[in-house]
Amino acid sequence: MGSPILRPSRRDLLRLGVTSVAALTVAGCDAFSLNPSEEAGGKSPKPVDVGLKEAPALAGQVKAGTLPARAQRLPKNPLVVQPTEEMGVYGGTWNTILTSVDADPHLTGSLSYEPLVRWDVNQTKVSANIVESWEVTQEGRVYTFVLREGMKWSDGKPYTADDLVFSYEDVLSNKDLYPLMPQEFAPDGRPAKFEKVDARTVRFTFPVPHGLFLEQLASTGAATFHCLPRHYLEQFHGKYNANADRQAKDAGFADWTKLFLAKGGGGPDELSAWQNPDLPCIYPWKVRSFSGTRLQVERNPYYWKTDPEGRQLPYLDRVVFDIITDPQVSTLKLNQGDYSLVTPGLVTLQSKPVLARGRNQGHYHFIDIGSSRMNDATFIFNLNHKNPAMRQMLQNKDFRIGLSYALNRQEIIKVVLLGQGEPWQTSPRRESGLFLEELAKQYTEHDVAKANQHLDAAGFRQRDGDGFRLRADGERVAFTLEVRTNFNPLWADIAQLASGYWKTVGVDGRVKVEDATLLTNRVQANEHDAVMDDGDGGALPMLGPGWYFPNSGDTAYAVKWGEWYETKGKSGEEPPAGPRRQMELFDQIRITPDRQKREDLFMELLRISQQEFYLIGTVLPVARYNVVQDDLRNVAKSMVDDCCEPGPSYPEQYFWAAK
């Protein structure tokens, strides 16, 4: 639910020089023992359930005096999770797959979806989570939240309002850590006043109404706010430790901010949070060990949810993420029935026939994943290119229209997507309630004559000896299309087809497949010509507005315009009239408590997006699928692939059926 191309990295940290945390080594990450079948990625052992209100291993620790009694570990009012199918039993391991050592949305969705308030499994309704209640007053200006009494971190320390004060005042408001306050907490650019009412109650007071606040809190954009343990992280913070800089330098970091982030102070979207087993958490499972090929997490004994019978969750003992970069290896292992609910990019349309044939032997089945995206592949051109001649070419709307007409979307659907989907630009999905047909369907027919007409109108009539069009300066009409690895294996095929279509109309679009981190860094430095992404703002477009106007410096098609909006004109470049008007409209949307008025304003914003035609879309995604082992129960038969899948389905209530 963010801006094109930069999920899930954080540009502000990269500005501080934290370009990668993948090399961070945390002492003490020794692997715990797994039985042979688990080591091989196979099915988990028979679960054990002795009728206790907690896992047998925890009951044993209580009996031995090494762990407080269950009643002392749970809050007074734990969150009761209604099981998807039935009450579960304790024991076993959920094995799944990541495709990269970098933080992956599948990782955070599986393990750390624990916001103040949460979405339901269909992502249509917001309900209580960390907070047990909330109140909205003064026409959407004041939000008061009440935490659960007695809730604890995974190390047994109390989770209180002081943790949220620390997050807001000492982390998000600290310019050395966050040069800009996240927009969730500053809807009109002015940060909310945040106050601790008592040990369990906090209050946000915004200068203006904030109609999107609950939905934003329920999504992953505000993840850092609720997951920073003050009692642990303040030892690395310059405000609380006078020797923090010296401590950081002794550990090999430039200053305390770098060490703070490396210890997990950047939240669950940063890899460092999963490399530090000492970092307390509020998730169902806590980190046990991490290596370049495997992340292992084990039961959090202080987890604050139960089933309806009062039995402490999670049911599963542990989760193991194997990091496998080769799609063929992943498909083979899935076919053997070794994993459930893997990173979405591994379960493609191309792999579905193979996986379908192996279901009986591998003892797994498919579940439906409803698409929230508005596109399978978008072509994102850098309208703020550093090179003036390139900028002039890419900003020319006729140029982009010509490229769009040149695309044979029906062939892409037939050849790459196995007949699934329909030609689409970048409108929100029909079911979003904010569908604009003119935006969805303009310039989507394959028409070489119209493509040539618009490219001629863009001023590129002259051609070289190879048939490629020439710019006014005599240079070839060309650009490099950069495609990320480890996200969608179909993008490279779509890009190559597009390159061929563009060649037929005299445009040299060169495809370059590269590492995702390198590509992201290039976009943030505004060094790209064009990139590919999907389009994840389809179902809840107001929470992913960067697909429709440049709302931040993370917006790959207009980094400088978005930066200008994000910084209130302090940096970046002032955009032209169209995006300026969209920025004004979204400023109104942020402070409008009435839903219908927000939607009316957003439709006006979309009509400008139609006129500007920032992005070239290809295909509206259809529902996809994922793989679940037959004996893994309480997994919803369908989910939505938006902000945090499979988090809204309560993974803590998954369990292995007894045999």
Side-chain angles (χ1 to χ4, degrees), residues 3-5 373-385 390-391 393-413 416-417 421-428 436-448 450-455 457-458 460 477-484 488 490-511 523 528-538 546-550 555-558 578-579 606 608-621:
S3 296
I5 217 66
R373 294 171 294 134
M374 53 75 180
N375 220 283
D376 270 318
T378 52
F379 298 104
I380 303 170
F381 294 91
N382 183 4
L383 308 184
N384 296 164
H385 203 286
M390 287 292 292
R391 176 183 292 214
M393 179 183 80
L394 298 175
Q395 282 193 7
N396 191 307
K397 182 178 174 182
D398 275 310
F399 173 70
R400 301 194 301 278
I401 292 174
L403 295 186
S404 184
Y405 275 128
L407 294 174
N408 189 336
R409 292 172 175 82
Q410 292 292 358
E411 186 171 68
I412 291 173
I413 292 169
V416 182
L417 301 176
E422 66 174 289
W424 200 266
Q425 291 288 5
T426 56
S427 168
L436 181 61
E437 184 171 5
E438 294 86 352
L439 175 57
K441 293 297 183 178
Q442 63 181 353
Y443 321 128
T444 54
E445 63 264 36
H446 176 51
D447 193 321
V448 173
K450 286 184 178 179
N452 282 316
Q453 178 184 347
H454 280 278
L455 291 170
F460 308 125
V477 174
F479 57 86
T480 298
L481 175 64
E482 300 177 60
V483 182
R484 290 180 291 170
N488 187 334
L490 304 182
W491 283 348
D493 293 337
I494 294 174
Q496 291 294 346
L497 282 174
S499 177
Y501 302 143
W502 292 330
K503 185 176 181 179
T504 63
V505 294
V507 175
D508 189 5
R510 306 156 185 165
V511 177
V523 170
H528 60 298
D529 297 343
V531 293
M532 279 187 71
D533 205 351
D534 49 19
D536 67 348
W547 296 96
Y548 308 108
F549 82 101
T555 310
Y557 59 87
L606 289 177
I608 298 174
S609 186
Q610 174 202 343
Q611 292 298 317
E612 295 294 325
F613 191 52
Y614 300 117
L615 309 173
I616 299 177
T618 55
V619 178
L620 177 70

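If you read the sequence from its start, that first residue is 1, and numbering goes on from there.
- Of all heavy-atom pairs between Tyr614 and Gly578, the closest is OH-C, 4.4 Å.
- Listed for the Tyr443 side chain is no donor-acceptor partner under 3.5 Å among the backbone atoms of Phe613.
- By the 4.5 Å heavy-atom criterion applied to side chains, Val477 and Phe399 are counted as neighbours.
- With hydrogens and angles ignored, the 3.5 Å screen pairs no side-chain donor or acceptor of Arg510 with any backbone N or O of Ala478.
- When each of Val505, Asp447, Asp398 is checked for a side-chain contact (heavy atoms from CB on, under 4.5 Å) with His454, only Asp398 meets the rule.
- Among the candidates Glu445, Lys450, Gln425, the single residue satisfying the side chain to side chain donor-acceptor pair (under 3.5 Å) test with Ser404 is Gln425.
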* To do: Begin from the C-alpha positions of Thr426 and Asn375 and carry the test side-chain hydrogen bond (donor to acceptor under 3.5 Å, both in side chains) through to its verdict.
  => CA-CA 7 Å; Thr426 56; Asn375 220 283; over 6 Å; no
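- Here CD1 of Ile616 is found 4.5 Å from CZ of Phe381. Values are rounded to the nearest 0.5 Å.
- The ring pair (Phe, Tyr, Trp, His ring centres under 6.0 Å) test applied to His528 returns no partner, not counting sequence neighbours.
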* Asked: When you look at His385 and Gln395, which way does the side chain to side chain contact (heavy atoms under 4.5 Å, CB included) test go after all the steps?
  -> CA-CA 9 Å; His385 203 286; Gln395 282 193 7; over 6 Å; no
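- Counting only heavy atoms from C-beta outward, the side chains of Phe479 and Leu403 approach each other to under 4.5 Å.
- With no hydrogens or angles considered, no side-chain donor-acceptor pair links Trp491 and Asp534 at under 3.5 Å.
- Rounded to the nearest 0.5 Å, atoms CG (Asp536) and CH2 (Trp547) are 5.5 Å apart.
- Judged purely by atom type and a 3.5 angstrom limit, Arg484 has no side-chain atom pairing as donor or acceptor with the backbone of Asp533.
- Not counting sequence neighbours, the partners of Phe549 by the ring pair (Phe, Tyr, Trp, His ring centres under 6.0 Å) test are Tyr565, Phe586.
- A distance of 8.5 Å separates CG in Leu383 from OH in Tyr557, rounded to the nearest 0.5 Å.
- What you find for Leu620 and Trp424 is that their closest heavy atoms are N-CB, 3.4 Å.
- Residue Ala458 comes nearest to Asn396 through the heavy atom pair O-ND2, 3.3 Å, listed as atom of the first residue, atom of the second, then distance.
- The side chain to side chain contact (heavy atoms under 4.5 Å, CB included) check on Asp376 picks up Arg373, Leu417, Val619, Pro621, with sequence neighbours excluded.
- Scanning all heavy atoms of the two residues, the minimum distance from Ala451 to Gly402 falls at CB-O, 3.2 Å.
- The closest side-chain heavy-atom distance from Phe379 to Leu407 is below 4.5 Å.
- Thr555 places no side-chain N or O within donor-acceptor distance of the main-chain N or O of Gly546, the cut-off being under 3.5 Å.
- Summarising the geometry, atom CD belonging to Gln610 is positioned 6.5 Å from atom CG belonging to Leu439; distances are rounded to the nearest 0.5 Å.
- Judged purely by distance below 3.5 Å, without hydrogens or angles, the side chains of Tyr501 and Glu411 pair a donor atom with an acceptor atom.
- Salt bridge status for Arg400 with Glu612: absent, with no side-chain N to carboxylate O gap under 4.0 Å.
- Annotation: the span from Leu481 atom CG to Asp508 atom CG amounts to 11.5 Å, rounded to 0.5 Å.
- The minimum heavy-atom distance linking Val511 with Ala495 is given by the pair CG2-O, 3.5 Å.
- For Ser427 against Leu436, the heavy-atom pair with the smallest separation is OG-N, 3.0 Å.
- Note that CD1 of Ile494 is 11.5 Å distant from CZ of Arg409, once rounded to the nearest 0.5 Å.
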